[in-house]
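A short worksheet on the structure shown next.
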Amino acid sequence: MPIRLFDSLARETRELKPSHADGVFRFYNCGPTVYAPAHIGNFRTFVVNDVIRRLLELEFGPDKVKHVRNLTDVDDKTIRRSRDEKRPLAEVTKQWTDKFHADCTALNCLPPHVEPTATGHIVEQVDMIDVLMKKGNAYRAPDGSVYFKVSSFSEYGKLSRVKERELQLGSSFATKPQAADADEKEDVSDFALWKAHKDDDGENAWESPWGRGRPGWHIECSAMSKKHLGDTIDLHSGGVDLLFPHHENEIAQSECCNGTQFAHHWYHSEHLLVDGKKMSKSLGNLYTLDDLKARRFSPQTVRYTLLMGHPRKQLNFTFDSLYSAESALGKLNAFNDKVSAIYGMSLRVPPSNKFDAVLDALRDDLNFPSALGELFVAIKQIESNFSEFSCADFFAFKQAVTSVLGFSLPGIAQEVPPDIITALAEKRWAAKKAKDFKGADALRAELTAAGWSMLDGKDGYKLEPLKK
RNA sequence: GGCGCGGUAGCCAAGUGGUAAGGCCGAGGUCUGCAAAACCUCUAUGCGUCGGUUCAAUUCCGACCCGCGCCUCCA
């Protein structure tokens with residue numbers, strides 16, 4: 001079964017396949033702006049894209065997928081932070097790039113093959129703008145900024161249907177405040193390719209044929225995609241909010257510059273909501289991985305939570321969903337422990353292909369809820385009859401859960417208890433062995449009061465922190 | 001105002017023109033000094049409302065109600 005994915009441009013579900021002769025699937029995924037910790041809404045998109053990457057590698061082979069994800073390390077926000085903190089831009093972006101990488105690792109997101117930065121590709125961006133100028137798709141404004149001339153690209157709006165949007169200049173659209181650069185542009189829908197240097201930009205400026213300045217936001221993806229993947233890529237993805245104007249503008253720039261189709265396939269994942277509202281930096285209702293770690297939720301639990309909903313549907317994040325995810329993941333871990341211990345005994349049993357349905361659900365437009373459902377169906381069948389569980393089934397389980405869905409098993413982080421807790425636990429264990437159950441119960445109460453739960457096994461015990 | 005998405009059990013969430021996957025929670029059970037874990041069993045005559053098409057609709061069509069996103073930086 002081939003991988004099929006909804007295409008935002010064609011507005012239908014279409015098969016994913018490499019279009020180049022070398023058979024390498026070219027995948028570009030819009031990355032973060034590195035000026036603050038990414039929140040779990042951002043990570044929903046990155047986790048979804050990580051599963052796409054993993055699925056592509058399963059389908060085409062690990063060396064037949066090239067995954068590029070950029071880092072936006074120069075823009076209004078990064079510069080503002082650098083100015084506010086009186087630190088060089090590169091230092092600020094390095095800090096948050098490192099943090100982003102650490103969070104991605106914790107969430108089991110595979111690093112992209114190339115992770116280009118905007119500041120590392122100034123030349124490529126200037127070159128591209130230069131071509132657009134020469135072709136008449138761009139113009140230089142009096143202040144030295146360069147804008148893309150939207151009216152020069154007849155297909156502008158094909159992704160977001162923006163033309164239909166502008167037909168009605170009715171209510172809120174017309175009452176919006178004018179953009180700061182409105183005076184410089186020939187038309188309100190034109191967008192900046194190159195921004196002339198302003199005092200607020202400080203040292204963050206580069207020379208160009210149009211004067212000192214810095215690149216506009218959209219051009220970086222077009223330039224970096226072109227450099228690392230070529231003029232035409234197989235899949236371009238990001239969050240829905242990038243659909244307009246970012247991706248619409250990328251199409252305009254790239255197709256005008258290169259004279260060929262930019263991306264064969266466009267994919268947009270929906271937003272994560274918190275308490276029914278979009279999670280965003282401006283609203284301030286965001287959680288970072290660290291916020292959740294502080295409440296003792298592991299990154300694996302977060303990953304599971306982010307995969308509980310269909311990626312093209314908004315997902316409402318709640319602490320209930322986190323608890324639910326944690327329990328489900330615990331079940332997966334328990335199953336894994338069990339079958340890891342017994343699978344060797346079932347070498348002669350033929351494969352049952354019970355886990356095929358999991359992968360097929362994923363191949364069918366990334367249906368995570370269905371895939372997770374099929375996973376538990378398979379597990380339940382196996383639990384009820386281990387005699388038919390084969391070695392092949394074991395590997396199929398591992399492949400689906402670990403390689404493709406990208407969970408680590410065991411995924412429940414074991415927190416090391418403080419010495420005083422361990423001492424209490426030792427005392428209780430000794431009391432229990434001596435059949436002093438009264439004493440043992442009293443010590444359990446002490447542990448509970450201290451926030452720890454003691455789980456007795458046959459030959460020992462485990463300590464787990466109680467959830468806040 | 002325009003563009004788009006959604007409303008399925010206490011919560012989350014798939015799905016199909018022929019009568020509702022799965023997870024969480026809850027209840028009962030097995031096990032256990034206790035507690036937990038693990039496993040087993042059970043839990044929607046019903047899929048926002050009202051009409052229509054059909055032998056048959058939650059699934060198709062229409063209207064309406066409600067929620068959310070985008071149209072401005074944004075995953």
Side-chain angles (χ1 to χ4, degrees), chain A residues 8 11 29-33 38-49 72 75-77 80 157 160-179 189 217 237-246 268-273 276-283 304-305 308-310 312-318 320-332 334-335 337-338 357 361 364 367-380 383-384 428 432 435-438 440-441 444-445 447-448 453-458 461-462 464:
Chain A
S8 315
R11 293 181 177 272
N29 169 18
C30 282
T33 302
H39 56 64
I40 57 171
N42 297 317
F43 282 120
R44 180 184 195 195
T45 298
F46 297 126
V47 167
V48 167
N49 279 278
T72 298
D75 76 324
D76 291 350
K77 295 190 292 281
R80 193 187 314 130
S160 61
R161 297 178 169 182
V162 75
K163 284 179 179 168
E164 292 162 50
R165 299 173 189 228
E166 287 182 341
L167 283 177
Q168 299 280 337
L169 286 174
S171 57
S172 67
F173 194 83
T175 60
K176 291 245 161 100
Q178 290 276 294
S189 49
W217 170 40
S237 68
V240 268
D241 49 350
L242 297 184
L243 199 140
F244 186 85
H246 187 52
H268 295 91
S269 47
E270 257 295 349
H271 281 303
L272 185 72
L273 306 181
K277 297 283 182 195
K278 180 179 152 185
M279 170 182 267
S280 76
K281 282 159 188 165
S282 54
L283 283 178
Y304 193 103
T305 304
M308 289 203 309
H310 189 109
R312 290 197 293 109
K313 252 176 98 168
Q314 293 169 346
L315 177 66
N316 193 19
F317 173 87
T318 61
D320 276 351
S321 61
L322 229 29
Y323 286 120
S324 170
E326 188 166 62
S327 296
L329 208 44
K331 209 168 184 173
L332 246 34
F335 178 78
D337 288 347
K338 194 179 295 182
D364 182 15
N367 194 331
F368 297 135
S370 176
L372 259 12
E374 296 294 352
L375 180 60
F376 283 102
V377 167
I379 286 175
K380 190 168 189 160
E383 293 273 15
S384 66
R428 183 178 162 274
K432 182 188 162 176
K435 303 226 182 282
D436 171 17
F437 297 127
K438 237 182 167 165
D441 286 348
R444 174 183 289 289
L447 283 164
T448 304
S453 108
M454 184 164 171
L455 312 179
D456 293 359
K458 223 178 164 78
Y461 59 86
K462 251 171 40 178
E464 278 186 3

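Predicted, not measured: the structure shown is a model, and the values here were computed from it. Below, each value reflects all heavy atoms present in this structure, side chains not excepted, and no hydrogens, waters or symmetry copies. Naming convention: chains lettered A, B, ... in sequence-line order (proteins, then strands); numbering from 1 in each chain.
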Where the side chain of A:Q314 is concerned, which of B:G33, B:A75, B:C68 is the nearest nucleotide?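 Closest nucleotide among those given: B:C68.
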Closest approach to the side chain of A:K338, judged atom by atom: which nucleotide of B:A75, B:C39, B:A35 is it?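 Among the listed nucleotides, the one closest to the side chain of A:K338 is B:C39.
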Rounded to whole angstroms, how far apart are [atom1] on [X] and [atom2] on [N]?
X	N	atom1	atom2	answer
A:H39	B:C73	NE2	C1'	12 Å
A:L455	B:C31	CG	C1'	16 Å
A:L272	B:C70	CG	P	13 Å
A:N29	B:A75	CG	P	12 Å
A:L273	B:C12	CG	P	12 Å
A:H246	B:C70	NE2	C1'	16 Å
A:D76	B:U72	CG	P	16 Å
A:R428	B:A36	CZ	P	12 Å

[M] and [N], which share atom name [atom1], separated by this distance in whole Å:
N	M	atom1	answer
B:U59	B:G7	P	12 Å
B:G28	B:U43	P	16 Å
B:U54	B:U72	C1'	48 Å

Are OP1 or OP2 of B:G15 and a side-chain N or O of A:N367 less than 4.0 angstrom apart?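 Yes.
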So does A:K313 get a side-chain nitrogen or oxygen closer than 4.0 Å to the phosphate oxygens (OP1/OP2) of B:C68?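 So the side chain of A:K313 is outside the cut-off, no N or O lying under 4.0 Å from OP1 or OP2 of B:C68.
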base_contact_polar ([N] base, [X] side chain, donor-acceptor, <3.5 Å):
X	N	answer
A:R44	B:A75	no
A:D241	B:G69	no
A:R312	B:G69	no

Got A:H310 and A:F368 here, is their nearest side-chain heavy-atom distance under 4.5 Å?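 Contact flag for A:H310/A:F368 side chains = no.
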5'-to-3' dot-bracket of RNA chain B (Watson-Crick, G-U; under 3.5 angstrom; crossing pairs as [ ]; | other strand): (((((((..(((.........))).(((((.......))))).....(((((.......))))))))))))....
For A:A325 and A:Y304, which heavy atoms make the closest approach, and how far apart are they?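 Closest pair (atom of A:A325, atom of A:Y304, distance): CB-CD2, 3.5 Å.
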Nearest non-hydrogen partners of A:R312 and A:E270, listed with the distance: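 For A:R312 and A:E270, the tightest heavy-atom pair comes out as O-CG, 3.4 Å.
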Quick one: [atom1] on [X] to [atom2] on [Y], what's the gap to the nearest 0.5 Å?
X	Y	atom1	atom2	answer
A:F317	A:L272	CZ	CG	7.0 Å
A:R444	A:S453	CZ	OG	7.0 Å
A:H271	A:D241	NE2	CG	3.5 Å
A:T305	A:L329	OG1	CG	8.5 Å

Sequence neighbours left out, what passes salt bridge (Lys or Arg N to Asp or Glu O under 4.0 Å) with A:D441? Give chain and number order.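 So A:D441 forms no salt bridge (Lys or Arg N to Asp or Glu O under 4.0 Å) with any residue.
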Protein proximity profile, nucleotides 21-29 of chain B - base contact B, sugar-phosphate-only contact S, no contact -, cut-off 4.0 Å on heavy atoms: BSBSS----
At under 4.0 Å between heavy atoms, what does A:G238 touch on the DNA or RNA strands: base, sugar-phosphate, or nothing?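 Here A:G238 touches the backbone only, sparing every base.
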